[in-house]
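What follows is one structure encoded as structure tokens, with my remarks underneath.
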Amino acid sequence: MAASGAVVAEILASCRAAATVGTSLKELDDVAMDVLARNGATSPFLNYQPRSAPIPFPAAICTSVNDAVLHGIPTSYRIVGGDLVSVDCGATIDGWVADAAVSFVVGEADPADLALVDATQDALAAAIDAAVAGNRIGDLSAAIGAVCRSRGYGLNTDYGGHGVGNSMHEAPSVPNEGRPGRGLKLQPGLVLAIEPWFMAGGSDDYRIDADGWTIRSADGSRTSHSEHSVAITDSGPRVLTR
Ligand code: MG
Ligand code: MG
């Protein structure tokens, strides 16, 4: 999974470097496809179709811009200066999956957007710090939720973190809010995709586009999403997608 995670990290770094004003979201997907192929990896996103989705996911990355936060389909949309872009990506090598996401602003940033991105990064870091053997899933959830609420942002636990292994979405789920000391006890060998996503408007409501995939803040406010795949080990949390 560390090998898959290294590919995911390379994809996210490459997409971020390629994401300049005028770059299309589809072009970012092409970048991801190239990195996957060069590393002998496949995409767990491409053609993924949970029961809730009307069509298989048609790309190797999710690209979610501004009020879109999760599961955006890469289109011909060209990035405009000030856009807040999230890229979410997976890779599979020898049947082992890793999953991670980054959010960033292209061009001149609104300070409020940078603060929002900082919040999901800080929440992710806090949850990673809590990802130690003997702690429980609720400790991660509480750490994420505390960062979100203390800064006045909204979150919704319909979508959140998850176990990751031979498939992308495995038990246990890792909600982005919860009570410390509750839930599954963490043991070495467990790998979690931890993924806070917050909405700047402070509302917890979201909506799904007609494409059946793209998730947006209901109030149109900006959003951010940060994710790493993290292994619980005897010597503490090991981030596989850094
Ligand atoms: Mg992801
Ligand atoms: Mg994930």
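Numbering of ligands and ligand atoms starts at 1, following listing order.
A donor-acceptor pair under 3.5 Å is absent between the side-chain atoms of Ser173 and the main chain of Pro175, judged by distance alone.
Checked options Asp158, Asn156, Asp67; the residue passing with Tyr206 is Asp158 (criterion: side chain to side chain donor-acceptor pair (under 3.5 Å)).
Rounded to the nearest 10 degrees, the angle OD2 (Asp99) to the Mg ion (ligand 2) to OE2 (Glu227) equals 80°.
Taking backbone and side-chain atoms together, Glu195 has no N/O/S atom less than 2.8 Å away from the Mg ion (ligand 1). For His169, every N, O or S atom stays at 2.8 Å or more from the Mg ion (ligand 2).
Within Asp88, the N, O or S atom lying nearest to the Mg ion (ligand 1) carries the name OD1.
Ring centroid separation for the pair Tyr159 and His71 comes in under the 6.0 Å cut-off. In this structure, His225 has its ring center at least 6.0 angstrom away from the ring center of Phe198.
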